[in-house]
2 protein chains.
Amino acid sequence: MSTEMEPGSRTGRRIGLLHVAFDQALAAVLAEAGPAHPELRMAHLQIFRFDGIDGSTAAELAAHAGMTKQSMHELVVHLERFGYLTREPHPGDTRARLLRLTPAGRALEQDVHRAIAGLLESWRDRLGPERFDTLWEILREITGDRRPLPDLATISVPGRLRGPE
Amino acid sequence: MSTEMEPGSRTGRRIGLLHVAFDQALAAVLAEAGPAHPELRMAHLQIFRFDGIDGSTAAELAAHAGMTKQSMHELVVHLERFGYLTREPHPGDTRARLLRLTPAGRALEQDVHRAIAGLLESWRDRLGPERFDTLWEILREITGDRRPLPDLATISVPGRLRGPE
DNA sequence: TCTTCATGGTCAGGAAGCCTGACCATATGA
DNA sequence: TCATATGGTCAGGCTTCCTGACCATGAAGA
């Protein structure tokens with residue numbers, strides 16, 4: 001390690017901070033921007049962080065988000081109950097339900113994207129354009145992004161180190 | 001945004017992935033490296049991600065980790081119960097308890113640091129030295145690191161967007 | 001066609017990781 | 001000395017996931 005590198009602990013923390021900062025900015029901007037959506041929780045925003053909600057199925061979203069379909073189910077149902085999306089029959093697969101954003105859902109999606117854009121803008125200001133682009137590029141490289149989305153499905157954070165025995 | 005920038009969603013996801021990748025590598029390497037510690041969960045490792053456990057108090061750790069002392073309390077007690085640390089009286093403050101790593105605790109700390117070092121090494125291989133250093137520098141900049149640690153205490157991720165009403 | 005297996009969705013229950021509230025004991029400073 | 005802050009602790013709750021168990025449907029092979 002060339003940069004004077006702390007044992008490693010700080011890096012772990014810093015990555016955590018990056019993540020936290022992102023979530024926080026998201027929550028903050030949204031809490032202010034939309035006087036709406038009081039019934040939404042962070043987990044729901046996590047979903048809106050991705051594109052393509054509209055027109056996909058819960059199972060697909062679950063795969064993209066790296067969670068079980070049961071977990072995603074709950075989020076989707078919640079979102080439906082509060083009018084952010086509807087579930088229409090999937091043409092060509094009677095089992096599946098096609099998710100459709102309502103106007104409210106679309107507005108929320110916009111809010112989330114605006115919040116993210118704002119945060120990125122502030123980072124960009126802080127870092128300067130070149131280094132910001134570099135960060136972007138590095139993130140892409142580290143998280144491996146040749147394919148569009150599905151890679152996420154293979155990643156899952158174990159709640160424990162070992163199985164629940 | 002100069003790099004062809006997706007609406008923002010991908011960036012959010014990518015940062016999440018960075019975080020997840022880190023946690024995962026940590027879990028994986030440790031699960032393999034130490035056939036020990038079956039009773040440890042990720043939350044405990046999160047603690048070991050920081051230095052300075054040994055000799056600090058639970059309240060300090062809580063501040064560093066950005067969580068309440070009650071939450072940290074549970075983790076610390078757990079760690080104590082399973083022999084990773086002890087709590088001795090704090091000289092100079094009868095209320096406080098000084099945390100002390102046991103040999104097992106110290107070994108675990110080493111494992112965690114080794115795991116992190118290994119992950120960073122792999123990123124370094126993938127990115128090349130200069131860009132790796134750049135990432136490091138950018139992370140430092142974004143997460144703001146003039147002061148040693150305490151800044152984290154001010155950050156908290158809301159579980160909801162609004163207060164619990 | 002019948003059978004088998006995979007997949008989308010759903011219900012039920014639980015674990016983990018946090019949180020808030022309420023307290024006690026001790027520091028600390030006016 | 002008295003108010004207030006702080007370390008630690010207990011109790012209880014909420015959120016966000018998870019696993020297990022199912023049903024209905026789809027796909028693929030015997």
Side-chain angles (χ1 to χ4, degrees), chain A residues 16 19-20 23-24 27 39-47 49 56-81 85-99 150 152-153 155-165, chain B residues 16 19-20 23 27 39-47 49 56-81 85 87-99 150 152-153 155-165:
Chain A
H19 192 221
V20 166
D23 280 354
Q24 230 202 356
E39 65 284 335
L40 292 179
R41 298 183 312 263
M42 281 301 287
H44 304 118
L45 295 192
Q46 302 288 352
I47 296 183
R49 239 151 97 153
S56 56
T57 65
E60 281 169 6
L61 278 191
H64 293 349
M67 61 171 64
T68 60
K69 46 182 186 165
Q70 294 95 315
S71 298
M72 182 56 72
H73 177 69
E74 196 229 330
L75 297 178
V76 163
V77 165
H78 185 90
L79 250 20
E80 184 188 29
R81 170 157 63 230
L85 52 82
T86 58
R87 294 184 294 165
E88 27 185 87
H90 188 300
D93 190 338
T94 326
R95 298 169 305 172
R97 312 264 226 124
L98 222 51
L99 304 179
L152 223 188
I155 294 186
S156 73
V157 202
R160 355 173 134 71
L161 289 179
R162 331 228 131 204
E165 72 261 357
Chain B
H19 192 219
V20 166
D23 280 355
E39 65 285 334
L40 291 179
R41 298 183 311 262
M42 281 302 287
H44 305 116
L45 295 191
Q46 303 288 354
I47 296 183
R49 240 151 99 154
S56 55
T57 65
E60 281 169 6
L61 278 190
H64 294 349
M67 60 171 65
T68 61
K69 48 183 186 164
Q70 294 93 318
S71 298
M72 181 56 72
H73 177 69
E74 197 228 329
L75 296 178
V76 162
V77 165
H78 185 92
L79 250 20
E80 184 189 30
R81 171 156 62 232
L85 52 81
R87 295 185 292 165
E88 29 185 86
H90 188 301
D93 191 339
T94 328
R95 299 170 305 172
R97 312 265 227 124
L98 223 51
L99 303 180
L152 224 187
I155 294 186
S156 73
V157 202
R160 358 173 133 71
L161 290 179
R162 333 230 130 204
E165 74 265 355

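Chain letters run A, B, ... following the sequence lines, proteins first and then strands; every chain starts at 1. Everything quoted here is computed from the prediction, not taken from an experiment. Just so it is clear, the values below take in all heavy atoms, side chains as well, and ignore hydrogens, waters and symmetry mates.
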Quick one: side chains of residues 86-96 of chain A, donor-acceptor pairs under 3.5 Å with protein atoms, not counting sequence neighbours, listed by atom name and distance.
unit_1, atom_1, unit_2, atom_2, d
R87(A), NE, E80(A), OE1, 3.2
R87(A), NH2, E80(A), OE1, 3.1
D93(A), OD1, R95(A), N, 3.0
D93(A), OD1, R95(A), NE, 3.1
D93(A), OD2, R95(A), NH2, 3.0

Nearest to the side chain of A43(B), which nucleotide is it out of dC18(C), dT15(D), dA16(C)?
dC18(C)
Do the side-chain N or O atoms of [X] get closer than 4.0 angstrom to the phosphate oxygens (OP1, OP2) of [N]?
X	N	result
R87(B)	dT9(D)	yes
T57(A)	dG8(C)	no
S71(A)	dC18(D)	yes

If I take atom CE from residue M67(B) and atom CG from residue L61(B), how far apart are they, to the nearest 0.5 angstrom?
9.5 Å
Rounded to the nearest 0.5 Å, what's the gap from CG on L85(A) to CG on L98(A)? Could you check?
11.0 Å
Separation of [X] atom [atom1] from [N] atom [atom2], in whole Å?
X	N	atom1	atom2	answer
E88(A)	dG9(C)	CD	P	13 Å
K69(B)	dC24(C)	NZ	C1'	11 Å
R97(A)	dG26(D)	CZ	P	14 Å
I47(A)	dT16(D)	CD1	P	10 Å
E60(B)	dA5(D)	CD	P	20 Å
L61(A)	dG8(C)	CG	P	12 Å

Near DNA chain D, which residues from residues 72-81 of chain B have a heavy atom under 4.0 Å away?
H73(B)
Using a cut-off of strictly less than 4.0 Å between a heavy atom of the residue and any atom of DNA chain D, enumerate the qualifying residues of residues 89-96 of chain A by number.
D93(A), T94(A), R95(A)
Taking side-chain hydrogen bond (donor to acceptor under 3.5 Å, both in side chains) as the definition, give me every residue that meets it alongside T57(B), ordered by chain and number, with sequence neighbours left out.
none
Which residues satisfy the side-chain hydrogen bond (donor to acceptor under 3.5 Å, both in side chains) test with S71(B), sequence neighbours excluded?
T68(B)
List in chain and number order the residues that pass ring pair (Phe, Tyr, Trp, His ring centres under 6.0 Å) with H44(A), two or more places apart in sequence or in another chain; answer none if no residue qualifies.
H78(A)
Closest-nucleotide ordering on DNA chain C, the 5'-leading residue of L98(A) and H44(B):
L98(A)
Compare all side-chain heavy atoms of L99(B) with those of E60(B) and state whether any distance is below 4.5 angstrom.
no
Is the shortest side-chain heavy-atom distance between V77(A) and E74(A) below 4.5 Å?
no
If I compare all heavy atoms of M72(B) with all of A58(B), which pair ends up nearest, and what's the gap?
CG-O, 3.4 Å
Any N/O donor-acceptor pair, Q70(B) side-chain to dG21(C) base, under 3.5 Å
yes
